[in-house]
2 protein chains.
Amino acid sequence: MTNKLSTQHKILDAAQSLFAETGFNDTSLRQITSQAEVNLASVNYHFGSKKELIQAVLQRYLVVLMPRLDQEFTRLLAAQQANNLSQVLSVFVKPLLELNKVHQNGTRIFLQLLGRGYTDVQGHLRWFFNHNYGRVLDKLVLLVQQACPDLPAGELFWRLHFSLGTVVFTMASNEALAEIAEADFNEKVDIEGVILRLLPYLSAAIAAPVSTVTPISHNAPLLAGEGR
Amino acid sequence: MTNKLSTQHKILDAAQSLFAETGFNDTSLRQITSQAEVNLASVNYHFGSKKELIQAVLQRYLVVLMPRLDQEFTRLLAAQQANNLSQVLSVFVKPLLELNKVHQNGTRIFLQLLGRGYTDVQGHLRWFFNHNYGRVLDKLVLLVQQACPDLPAGELFWRLHFSLGTVVFTMASNEALAEIAEADFNEKVDIEGVILRLLPYLSAAIAAPVSTVTPISHNAPLLAGEGR
DNA sequence: AGGTGTTTGAAATGTACGTTTGAATCACAA
DNA sequence: TTGTGATTCAAACGTACATTTCAAACACCT
């Protein structure tokens, strides 16, 4: 029964929380080592640099999540007939929630970190991610295309990025939102609640009817076929 | 015909671009004054502090946008019967695009700045915004509630924030996305094109059926009534 | 116990930041 | 032209940052 955590482990634990809350650039190594109760120099000793620490923090989750997602995508792609959109999006839920086994609140922390990776300017992170896991996401695009065969490729491109924005922004500002939600609606909302609320929202959004729109703005109605 | 721009104007112009691209905390006054070709001390002389500069940058757009939105919301609220969701969301288009009169690319820059206000940790901005413009957004919530009477208030809160994320993230990465879209799909997409693509996506998303979900994760299907 | 390679510690390095200072320069009315 | 308040300027202030250094402490094997 060893309660002793290694220095590296203590650094990673402190770093992930602070990075998720404050962002990568706005979290100093001094804050991290102070919260982790280790010496300032130990970050550079164990990880080399702050950049590499950021990657190590993310990698702890990615090495668990991405093979699981890849496996699920491959399973769905092998199905006899195309899966509908809800089925495709639903495969994210279990792998994401299993990140809570990696660390307490792992799911929330990972998704916040993912959001930070996009909103903070971290060129090395984008490269790191695409290089290691780009081919997994290609399978997702294929699955969504099969689920929405009537959606033009250009429209699908935009809608997937809209959806990425929804998820990333929600997670990056998760704390603030959850606080407001609890104060205003007496709803205790955990990360699982947010994910489950996202699914029907994204399903409906991605599969929305394509608008026949007047590209140059007039006083004409802007959308067609949209009456609720 | 005076081409001479005031120091304050030059500072605001340089600051808004840099803030939008790099975020508030990661943009230094030295970068701003260097790009504006003014003296470092002039920021503190004209605006007092970096915080107040950030607010001044946003205020240039907010004083134009918010009264326009308020006016539109009030008009819709006076209607005999409830407006549908597309009608409500459509009123954003013209006021947003008119920000291009405030400054070149004003619409994109403003929406990027708005996103930074949420993802960067800027407590003073949240207070500043809610204090000055909170009551305008209350009208929007009311309109959406009227358009979607079956949507519980808590669900609506989350979906409006999901939607804010969609818009803000899309604008933040707008340049990169537009380039890819043009290269891959031969589609020339400007900010107006993106906004018009967003409308049907957001309409469908906000009005999506509320999921009857199994709150604790089992192997049961996660969504109901969602077949495409 | 002694020796060796690993890890920790306190201190310092150099750089960048927001802000302040006080003199120099400007615009312009008297 | 002279005087005055507004603006600009170069320089400096104090603080915080990531990273480096090197001696001290530690762990572990023979």
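- Taking the salt bridge (charged side-chain N to carboxylate O under 4.0 Å, His left out) definition, one finds that A:Arg75 meets it with A:Glu72, sequence neighbours left out.
- OP1 or OP2 of D:dT8 has at least one side-chain nitrogen or oxygen of B:His46 nearer than 4.0 Å.
- Here D:dA18 presents its P atom at 15 Å from CD of A:Glu52, a figure rounded to the nearest Å.
- Counting to the nearest Å, the C1' atom of D:dC9 and the NZ atom of B:Lys10 are 13 Å from each other.
- Sorted by first and then second residue, the pairs that involve residues 194-204 of chain A and meet salt bridge (charged side-chain N to carboxylate O under 4.0 Å, His left out), not counting sequence neighbours, are A:Glu187-A:Arg197, A:Arg197-B:Glu155.
- Considering only residues two or more places apart in sequence or on other chains, A:Ser163 meets the side-chain contact (heavy atoms from CB on, under 4.5 Å) condition with A:Leu202, A:Ile206, B:Tyr201.
- Under the side-chain contact (heavy atoms from CB on, under 4.5 Å) criterion, B:Gln8 pairs with B:Ser6, B:His46, B:Phe47, not counting sequence neighbours.
- Taking the charged nitrogens against the carboxylate oxygens, B:Glu98 and B:Arg68 do have a contact shorter than 4.0 Å, which makes a salt bridge.
- Residues satisfying the salt bridge (charged side-chain N to carboxylate O under 4.0 Å, His left out) criterion with A:Glu52, sequence neighbours excluded, are absent altogether.
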(message) One character per nucleotide, please: for nucleotides 9-22 of chain C, 5' to 3', B when the base has a protein heavy atom closer than 4.0 Å, S when only the sugar-phosphate does, - otherwise.
(response) BB------BBBBB-

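- Partners of A:Leu156 under the side-chain contact (heavy atoms from CB on, under 4.5 Å) rule, at least two apart in sequence or in another chain, are A:Val141, A:Val144, A:Gln145, A:Leu151, A:Leu160.
- Qualifying side-chain contact (heavy atoms from CB on, under 4.5 Å) partners for B:Thr74, counting only residues two or more places apart in sequence or in other chains: B:Asp70, B:Lys139.
- To the nearest angstrom, C1' of D:dA18 lies 12 Å from CD1 of A:Ile54.
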Between protein and nucleic acid, restricted to nucleotides 24-29 of chain C and to nitrogen or oxygen atoms under 3.5 Å apart, what atom pairs and distances do you find?
none

